Undergrad: 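I have a structure here, written as structure tokens, and I will follow up with some questions on it.
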There are 2 protein chains.
Amino acid sequence: MKTTGFEKEAVTIGQRNRLQYIILGLLDQRPQTGYDLTKAFDNEIGEFWQAQHSQIYPLLKRLEETGDITHEVTVTGEKLAKKQYQLTPAGHEKLVAWIGEPSPELTALKDEFILKLYFIKTVDDPRLQPMLQEQILLHQRQLRHLQHRQETVFTNQAAIDQAYGHYLILDHAIEREQHYVQWLERYLTPRKDS
Amino acid sequence: MKTTGFEKEAVTIGQRNRLQYIILGLLDQRPQTGYDLTKAFDNEIGEFWQAQHSQIYPLLKRLEETGDITHEVTVTGEKLAKKQYQLTPAGHEKLVAWIGEPSPELTALKDEFILKLYFIKTVDDPRLQPMLQEQILLHQRQLRHLQHRQETVFTNQAAIDQAYGHYLILDHAIEREQHYVQWLERYLTPRKDS
DNA sequence: TAAAAACATGTAATTAATTACATGTTCGAG
DNA sequence: CTCGAACATGTAATTAATTACATGTTTTTA
């Protein structure tokens, strides 16, 4: 691959760019604009992946160049032009291929609290208990948020059957937060009543 | 901050650069070389943060410029010069300040398997069960690895007392993997005996 | 009806992080 | 004594991701 001299002409997308697959997956559900895709990260996708519009718009352009998506312009009102993107057959294949690939990598979790904990050397460090308390509040809040999402999104069995994967990951996230809180509470020393 | 004209002269390190604190924290334990720090990511730190030497060496240079660390050169054998880095009082303060700050952000977990699951729409999708099986093997392996680490690193109470935070995060990681495997197994449909 | 919020789309600058390039030394095993 | 593994330190190129800059339209609400 180093001797052909053609590599620079190819529109290449980094192998580890997983955002592109999220975009393909979202567009597989229905045609959407860049704005719509951006909004999706405020809602369900936001629970497990983050992206801003400044990353999405350029990527849409690249995906169109690689032939994975196309767009058509629709005009709302007098002059506001929206670009509705949709998958091409090639884009759909690419999505299916990605889902079918093995996922042999462990999550690279980058939890700042865990990082700080590592540098707490002794059980009686006065910073430990306040840190645990802060994290309990944080994760209890996240747990309530996730439970609320589950209650509002999956109100009946039909909703679960139509978006089973989404149901699974929300269920997984809820359990993860429950266990996180339980773990934190186990190491929290109750404060004395004064 | 936008009108002084002096900003460009300051050596600034991005606010979210948490690798610098890992380096400060590791150097707080004992003076070390860039190579030693890199090795630390192959071992315990590697469980929850990743960095290559190509990121570490330039950062050591910047931390020295900002006055957080200093180094002295020691020669091994005939001519191999090692740079032993150590914290300055300013660097120590910076580490302490960071640990003392609140950590109000949730982990941005970027789990490719979870991402793929989101796009599985129905319970009878033939890709689902193989995906669950693959992840069970992956997380069982990780669980065994973590348990082995715990058994070898924390062989007695004294070891726990000296590195309590490390003990906590290893304990946390083990429980997280246990729950992950349990969760996966719950959705795994047993294969029929043929 | 005026203002604010939401809709809509982009680029620029910077930083973080990975992969590849590049070089040389020391130590231990065979 | 030689060869390979581990020690040791850097830079370059690329990609990913965030924050800031930049502009304009439509809809809702006060």
Side-chain angles (χ1 to χ4, degrees), chain A residues 1-2 7-8 10-23 31-43 45-46 49-64 71-85 105 108-110 112 115, chain B residues 1-2 7-8 10-23 31-43 45-46 49-64 71-85 105 108-110 112 115:
Chain A
M1 295 290 269
K2 286 213 172 169
E7 308 86 69
K8 306 233 169 184
V11 178
T12 52
I13 292 184
Q15 280 177 307
R16 287 276 135 234
N17 180 353
R18 282 158 297 189
L19 179 57
Q20 67 179 318
Y21 300 111
I22 302 178
I23 290 175
Q32 291 180 76
T33 66
Y35 188 82
D36 295 331
L37 295 170
T38 302
K39 287 288 119 179
F41 287 89
D42 295 341
N43 304 314
I45 303 282
W49 209 271
Q50 301 76 43
Q52 282 75 39
H53 76 276
S54 60
Q55 209 183 347
I56 290 166
Y57 286 111
L59 192 49
L60 285 170
K61 195 188 271 184
R62 286 161 67 198
L63 286 170
E64 192 157 38
H71 79 267
E72 53 188 71
V73 176
T74 58
V75 175
T76 310
E78 285 299 298
K79 36 181 159 169
L80 185 60
K82 291 190 203 183
K83 291 186 181 175
Q84 292 279 345
Y85 286 93
E105 283 166 48
L109 29 97
K110 301 203 159 181
E112 192 163 13
L115 207 49
Chain B
M1 293 293 269
K2 285 215 168 164
E7 306 89 66
K8 306 233 167 181
V11 178
T12 51
I13 292 183
Q15 279 176 308
R16 287 276 133 236
N17 181 352
R18 282 158 297 190
L19 179 58
Q20 68 178 316
Y21 300 111
I22 301 178
I23 291 176
Q32 291 181 74
T33 66
Y35 187 84
D36 294 332
L37 295 170
T38 302
K39 287 289 119 180
F41 287 88
D42 296 341
N43 303 315
I45 302 281
W49 210 271
Q50 300 77 43
Q52 282 74 40
H53 76 277
S54 60
Q55 210 182 348
I56 289 166
Y57 287 110
L59 192 48
L60 285 170
K61 194 188 273 184
R62 286 160 68 198
L63 286 169
E64 192 157 40
H71 79 267
E72 52 187 72
V73 175
T74 60
V75 175
T76 309
E78 285 300 299
K79 37 181 158 168
L80 185 60
K82 289 191 204 184
K83 292 185 180 176
Q84 292 278 344
Y85 286 93
E105 282 166 50
L109 29 96
K110 300 202 159 181
E112 191 164 12
L115 206 49

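Everything numeric in this text was worked out from a predicted model, so none of it was measured. So you know, we letter chains A, B, ... as the sequences are listed, proteins then strands, and number each from 1. Any value given below was found using the heavy atoms of this structure, including those in side chains, with hydrogens, waters and symmetry copies removed.
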Undergrad: B/Ile22 vs B/Leu19, test: side chain to side chain contact (heavy atoms under 4.5 Å, CB included). Steps then yes/no.
TA: CA-CA 5 Å; B/Ile22 301 178; B/Leu19 179 58; 4.3 Å; yes
Undergrad: B/Gln32: what forms a side chain to side chain donor-acceptor pair (under 3.5 Å) with it, not counting sequence neighbours?
TA: none
Undergrad: Who pairs with A/Glu64 by salt bridge (charged side-chain N to carboxylate O under 4.0 Å, His left out), at least two apart in sequence or on another chain?
TA: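 By the salt bridge (charged side-chain N to carboxylate O under 4.0 Å, His left out) rule, A/Glu64 matches no residue at all.
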Undergrad: Taking side-chain contact (heavy atoms from CB on, under 4.5 Å) as the test, write out the residues that go with A/Val73, two or more places apart.
TA: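 Expected list: A/His71, A/Ala81, A/Lys83.
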Undergrad: Roughly how many Å is it from NZ in A/Lys82 to P in C/dC7, rounded to a whole number?
TA: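 In whole Å, C/dC7 P lies 9 Å from A/Lys82 NZ.
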Undergrad: With sequence neighbours excluded, what pairs up with A/Glu72 under the side chain to side chain donor-acceptor pair (under 3.5 Å) test?
TA: A/Gln86
Undergrad: List the protein contact pattern of nucleotides 23-30 of chain C with one symbol per nucleotide (5' to 3'): B for base contact, S for sugar-phosphate-only contact, - for none; contact means a heavy-atom distance under 4.0 Å.
TA: --SSS---
Undergrad: Once side chain to side chain donor-acceptor pair (under 3.5 Å) is applied, do any residues pair with A/Lys39, and if so which ones, sequence neighbours excluded?
TA: A/Asp42
Undergrad: If you check the B/Arg62 side chain, which of D/dA16, C/dA6, C/dA16 turns out closest?
TA: C/dA16
Undergrad: Please list, in numerical order, the residues of residues 51-58 of chain B that have a heavy atom closer than 4.0 Å to any atom of DNA chain C.
TA: B/Gln52, B/Ser54, B/Gln55
Undergrad: Return the set of residues passing side-chain contact (heavy atoms from CB on, under 4.5 Å) with A/Ala40 (not counting sequence neighbours), or none when no residue passes.
TA: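 A/Ala40: side-chain contact (heavy atoms from CB on, under 4.5 Å) contacts with A/Leu26, A/Ile45.
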Undergrad: What's the NZ-C1' distance between A/Lys39 and C/dA6, to the nearest Å?
TA: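 Rounding to the nearest Å, NZ of A/Lys39 and C1' of C/dA6 are 7 Å apart.
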Undergrad: Output all residues satisfying side chain to side chain donor-acceptor pair (under 3.5 Å) with A/Thr38, sequence neighbours left out; order by chain, then residue number.
TA: none
